[in-house]
Asker: 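The structure's right below; bear with me while I get my questions together.
Just so we're on the same page: letters track the sequence lines, and every chain starts at 1.
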Number of protein chains: 2
Amino acid sequence: MLLEIDFNSDEALYIQLRNRIILGIATEELREGDTLPSVRTLAENIGINMHTVNKAYAVLREEGFLTLDRHRGAVIALDLDKLRALREMDEMLRVIIARAICKRISREEIHRLIDEIMDDFGG
Amino acid sequence: MLLEIDFNSDEALYIQLRNRIILGIATEELREGDTLPSVRTLAENIGINMHTVNKAYAVLREEGFLTLDRHRGAVIALDLDKLRALREMDEMLRVIIARAICKRISREEIHRLIDEIMDDFGG
DNA sequence: GTTTTGTTATATGATAAATATAACATACTG
DNA sequence: CAGTATGTTATATTTATCATATAACAAAAC
């Protein structure tokens, strides 16, 4: 999988990297058991520091997207704690939906947008 | 409206403040034409610096949630550029939905969560 | 034994966030 | 008119975060 970074973005590099990998899992470019490049290899490929990749991996582990073994490396492994996932999703959605309500975006429009995005992911 | 801040949060103070105000508008605690406290008053009430409040107000103006007049102060005024709002919403939703897919949260569960949150807002 | 892995430690420069003082222009208040 | 309160701008300082750099460690693989 190709992992790119936008150096002009206002998003932190390790956050961009984390999101790219999550998007990769969602689109099934990355599957359970797949291994990611080592922190040093990926850092060199992208052209960033090893610790930045390490931080992205550490966050992904903490959030339940992969496991990190000393010699197998970074392996996609999904922790399906749905209660936790739903709780986190609720928190993230709340502000977004509040914005939508302010802008007079209807419930139907939101549902439609969700469907469009889900279709893009090949669901 | 009561505007509180969590000093232990990892979110920037001005972002927290911005989100609180957006939530206030969505729940109709704040309505079109209502005025917010002056930057100095609110800063003192919360216990933060004037410029932090000023930044939150400036962001809210830029995002189309209020206008800032020299003597009326900060007034709730919604810019209903729905195209822009939908575009921004799409971008914010994409990563969230990718996370949901990874966690095996179904399309129906997402729609249900949206409805729950919308109901909370009194829609 | 050498290599590769994630991991930790420490230091440094760069950028952003928050604070502190000060001043300005404008409109309301008395 | 003087005084007050408003957002706004400017400048400086401190603090926190991000990214980098170098180094070292422990454990499994070869």
Asker: Take atom CD of A/Glu29 as the centre, draw a 6.0 Å sphere, and report whether it contains more than 12 heavy atoms from other residues, nucleotides or ligands.
Answerer: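 More than 12 heavy atoms, drawn from other residues, nucleotides or ligands, come within 6.0 Å of this atom.
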
Asker: To the nearest Å, how far apart are A/Glu62 CD and C/dG6 P?
Answerer: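 Rounding to the nearest Å, CD of A/Glu62 and P of C/dG6 are 18 Å apart.
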
Asker: At less than 4.0 Å, is any side-chain N or O atom of A/Asn54 found next to OP1 or OP2 of C/dG6? Yes or no.
Answerer: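 Negative; the distance criterion is not met.
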
Asker: Is the phosphate of D/dT8, meaning OP1 or OP2, less than 4.0 Å from a side-chain N or O of B/Arg40?
Answerer: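 No.
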
Asker: Side chain of B/Lys103, backbone of A/Asp79: donor and acceptor closer than 3.5 Å?
Answerer: yes

Asker: Using the side chain to side chain contact (heavy atoms under 4.5 Å, CB included) definition, which of the options A/Leu30, A/Asp34, A/Leu36 pairs with A/Met1?
Answerer: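 Of the listed options, the one satisfying the test is A/Leu30.
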
Asker: Walk me through it: do A/Leu60 and A/Ile22 pass the test side chain to side chain contact (heavy atoms under 4.5 Å, CB included)?
Answerer: CA-CA 8 Å; A/Leu60 284 163; A/Ile22 290 175; 3.8 Å; yes

Asker: Whole-Å distance between D/dT11 C1' and B/Asn49 CG?
Answerer: 14 Å

Asker: Find which nucleotide of DNA chain C each of A/Tyr57 and B/Ala12 is nearest to by heavy atoms, and output the residue with the more 5' nucleotide.
Answerer: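 Its nearest nucleotide being more 5', the pick is A/Tyr57.
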
Asker: Write down the distance between CZ (A/Arg18) and C1' (D/dC18), rounded to a whole number of angstrom.
Answerer: 15 Å

Asker: Testing B/Leu68, B/Thr52, B/Thr67 one by one against B/Tyr57 for a side chain to side chain contact (heavy atoms under 4.5 Å, CB included), which residue passes?
Answerer: B/Leu68

Asker: How long is the line joining CG of A/Leu17 and P of D/dC18, in whole Å?
Answerer: 14 Å

Asker: Check every atom of C/dA18, C/dT8, D/dT20 against the side chain of A/Met50 and return the nucleotide holding the closest atom.
Answerer: C/dT8

Asker: From the set D/dT20, D/dT6, D/dA27, return the single nucleotide nearest to any side-chain atom of A/Arg70.
Answerer: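 Of the candidates, D/dA27 comes closest.
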
Asker: Measuring to OP1 and OP2 of D/dA19, would you say a side-chain N or O of A/Tyr14 lies under 4.0 angstrom away?
Answerer: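 No, outside the criterion.
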
Asker: Of the nucleotides C/dG6, D/dA19, D/dT8, which one has an atom closest to the side chain of A/Ala74?
Answerer: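 Nearest nucleotide to the side chain: C/dG6.
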
Asker: Among D/dT9, D/dG7, D/dA27, which is the nearest nucleotide to the side chain of B/His51?
Answerer: D/dT9

Asker: Rounded to whole angstroms, how far apart are CD on A/Gln16 and C1' on D/dA19?
Answerer: 13 Å

Asker: Do the side-chain N or O atoms of A/Thr52 get closer than 4.0 angstrom to the phosphate oxygens (OP1, OP2) of D/dA19?
Answerer: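 The answer is no; no side-chain N or O of A/Thr52 sits under 4.0 Å from OP1 or OP2.
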
Asker: C/dT5, OP1 or OP2 - any side-chain N/O from A/Ser38 closer than 4.0 Å?
Answerer: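 The answer is yes; a side-chain N or O of A/Ser38 sits under 4.0 Å from OP1 or OP2.
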
Asker: May I have the distance from B/Ile46 (atom CD1) to C/dA18 (atom P), rounded to whole angstrom?
Answerer: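 Value for this atom pair: 12 Å.
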
Asker: Rounded to whole angstrom units, what separation is found between the CZ atom of A/Arg72 and the P atom of D/dA29?
Answerer: 10 Å

Asker: Rounded to the nearest Å, what distance is computed from the CD atom of residue A/Glu44 to the P atom of nucleotide D/dT20?
Answerer: 13 Å

Asker: Would you mind telling me which residue lines up with the more 5' stretch of DNA chain D, A/His71 or A/Lys55, judged by nearest nucleotide?
Answerer: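 It is A/Lys55, whose closest nucleotide lies nearer the 5' terminus.
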
